[in-house]
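Heads up: the structure comes next, in structure tokens.
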Amino acid sequence: MLSCRSGFNLRVQNQVVDPDSSNDVRGGMLGQYVMNGGEGPNSYAQNSSYQGGVIDVAKPILEEEISRKLDIKHISSTFRIADFGCSTGRNSFAAMQIIVEAIKRKFETDGKVMQIPDFQVFFNDKVTNDFNTLFSSLPPQGLYHVTGVPGSFHSRLLPRASLHFGYSCFSLHWLSEVPKAVLDNTSPAWNSGKVHYFGARREVCEEYANQYAKDIKSFLDSRAEELVPGGLMALLVPAVPASWNPNSAYTVLTEVYHLGSCLVDMAKKGRFYEDKIDSFNYSVYFPVPQELKAIIEKSDNYIMERMEILDNPGKRSLTGPKERASYLRAVNEGMLVNHFGTEIMDELFDRYTKKLKASPLFSDPNSDKTILIFVLLQRKPIMFF
Ligand SMILES: C[S@@+](CC[C@H](N)C(=O)[O-])C[C@H]1O[C@@H](n2cnc3c(N)ncnc32)[C@H](O)[C@@H]1O
């Protein structure tokens with residue numbers, strides 16, 4: 001059930017559901033996992049300062065680009081903004097406030113105070129996202145009207161040419177599915193004994209990279225239909241540098257690798273059958289900047305206005321292994337529970353915390369070399385021939 005605090009309009013977007021498709025609005029129910037809901041100690045709401053930190057760095061860039069690039073000539077009475085992959089909202093609310101206030105300022109500085117429109121924000125996430133927590137924690141300012149849009153952002157969610165500003169932060173690394181070949185024991189890309197591509201064979205890495213390219217394309221194609229010509233889209237995409245030394249630094253890939261090695265240790269101890277490892281792989285991918293750039297440049301629908309590498313200050317909010325484990329648990333528990341069951345979660349994350357504590361690398365958050373790529377895209381005008 002979706003709820004909404006008074007003072008905001010809540011409308012769940014109508015969805016077109018194809019009963020035979022596994023890549024539609026029901027994605028969440030069909031095994032696509034969301035962040036831990038609620039406000040409890042393992043919730044995303046309580047453990048997302050890592051992701052939230054980047055908003056401070058992105059703020060001046062968003063403000064500058066809105067002031068420089070947003071075309072307000074043809075905006076009528078409603079300005080529509082969407083956050084794709086909003087989760088339970090704390091970080092999303094901060095970003096939406098920055099965007100709305102920057103747009104209002106743009107109207108003011110252009111001498112169009114009387115034409116400041118109403119703002120409608122579409123909060124999108126998978127259907128199993130905790131929309132109740134999202135809507136019950138909405139900020140009180142009433143800066144914008146609120147609409148929930150449950151469904152996968154890898155397909156169309158909004159009416160054609162209706163969206164003025166798209167936004168997505170820390171969400172596009174989630175794949176629509178684990179590449180099939182890495183779970184197929186007859187394939188050269190079978191990822192036996194591992195749960196991710198970091199440190200795996202070339203064939204495995206290629207399958208993941210191809211899936212990522214396919215997913216980013218479907219995201220961009222869907223948004224191209226939804227954005228108005230000239231509409232802007234700001235993406236904050238977690239990524240890894242083209243080169244980093246795993247002996248002196250780590251990235252989110254190292255963390256996933258260590259969590260995987262804890263699962264392997266537990267299988268060896270008989271906590272579950274070892275073949276459970278072979279039938280599980282993480283459905284996340286972290287590109288290098290050049291890779292993401294090349295995927296975006298293949299799309300004819302956008303002009304890339306800006307691309308910049310950001311260092312995420314949010315990493316310094318994770319002061320030690322325990323905090324890192326909580327952040328990873330809030331993000332990954334849903335996916336892990338679905339495959340391994342709830343019973344092993346406490347032990348798994350205890351083991352993970354101990355593993356991080358054993359390595360001096362993880363005592364310094366500055367050794368985290370994970371990066372964020374900021375991309376600003378402008379929807380090209382639609383050509384009719
Ligand atoms: C790490 S959270 C980021 C949340 C928020 N943007 C932030 O910055 O804190 C990633 C979110 O993306 C959502 N997500 C992943 N794949 C998705 C998809 N295909 N469609 C919609 N949401 C998706 C997840 O459910 C999750 O809530």
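Counting convention: from 1, in listed order, for ligands and their atoms alike. It should be emphasised that the depicted structure is a prediction, and the values quoted were computed from it without experimental measurement.
- At a 4.0 Å heavy-atom cut-off, ligand 1 touches Cys86 through the backbone alone.
- Geometrically, ligand 1 and Val34 share no nitrogen or oxygen pair separated by less than 3.5 Å.
- When non-hydrogen atoms are compared, ligand 1 lies under 4.0 Å from the backbone of Ser87 as well as from its side chain.
- Of the listed residues (Gly334, Ser92, Gly85), the one carrying the non-hydrogen atom nearest atom 5 (C) of ligand 1 is Gly85.
- Note: Phe280 and Tyr282 have perpendicular aromatic rings, judged against thresholds of 30 and 60 degrees for the angle between ring planes.
- For a threshold of 3.5 Å applied to N or O pairs, the pair formed by Ser171 and ligand 1 contains at least one separation below that value.
- Every N/O-N/O distance between Trp174 and ligand 1 stays at or above 3.5 Å.
- Residues Tyr212 and Tyr285 bring their aromatic ring centres within 6.0 Å.
- Short contacts between ligand 1 and Phe170, defined as distances under 4.0 Å to a heavy atom of the residue, involve ligand atoms 1 (C), 2 (S), 3 (C), 10 (C).
- Heavy-atom proximity to His154, at under 4.0 Å, picks out these atoms of ligand 1: 19 (N).
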### Task
Evaluate the side-chain hydrogen bond (donor to acceptor under 3.5 Å, both in side chains) criterion for residues His339 and Ser279: first the C-alpha distance (whole Å), next the side-chain angles of each, then the deciding distance (0.1 Å), finally the verdict.
CA-CA 9 Å; His339 192 78; Ser279 54; 3.2 Å; yes
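- Of the heavy atoms in Asn91, only side-chain atoms (C-beta onward) come closer than 4.0 Å to ligand 1.
- Tested against Tyr50 for a side-chain contact (heavy atoms from CB on, under 4.5 Å), the candidates Asn91, Thr370, Val331 yield a single pass: Thr370.
- Cation-pi geometry between Arg223 and Phe219 is met: under 6.0 angstrom from the ring centre, within 45 degrees of the axis.
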### Query
What do the steps show when you test Tyr208 against Tyr197 for ring-ring contact (aromatic ring centres under 6.0 Å, His included), and what is the final call?
CA-CA 7 Å; Tyr208 267 93; Tyr197 61 88; 4.9 Å; yes
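- Salt-bridge formation is detected for the pair Glu65/Arg68: a Lys NZ or Arg NE/NH1/NH2 atom is positioned less than 4.0 Å from an Asp or Glu carboxylate oxygen.
- A cation-pi arrangement is absent between Arg80 and Phe119 under the rule of less than 6.0 angstrom and at most 45 degrees off the ring axis.
- Only the side chain of Asn124 comes within 4.0 Å of ligand 1, counting heavy atoms alone; its backbone N, CA, C and O stay farther away.
- Considering backbone and side-chain N/O of Asp83, none are found under 3.5 Å from N/O of ligand 1.
- If you number the atoms of ligand 1 from 1 as listed, the ones under 4.0 Å from a heavy atom of Gly151 come out as 20 (N), 21 (C).
- Of the polar atoms of Met35, none of the N or O atoms is found under 3.5 Å from an N or O of ligand 1, judged by distance alone.
- Phe123 and Phe93 have perpendicular rings, their planes meeting at more than 60° on a 0 to 90° scale where under 30° would count as parallel.
- Contacts between Tyr44 and ligand 1 below 4.0 angstrom, taking non-hydrogen atoms only, involve the side chain exclusively.
- Separation of the Tyr44 and Tyr327 ring centroids does not fall under the 6.0 Å cut-off.
- At under 3.5 Å, a nitrogen or oxygen of Phe153, whether backbone or side chain, sits near a nitrogen or oxygen of ligand 1.
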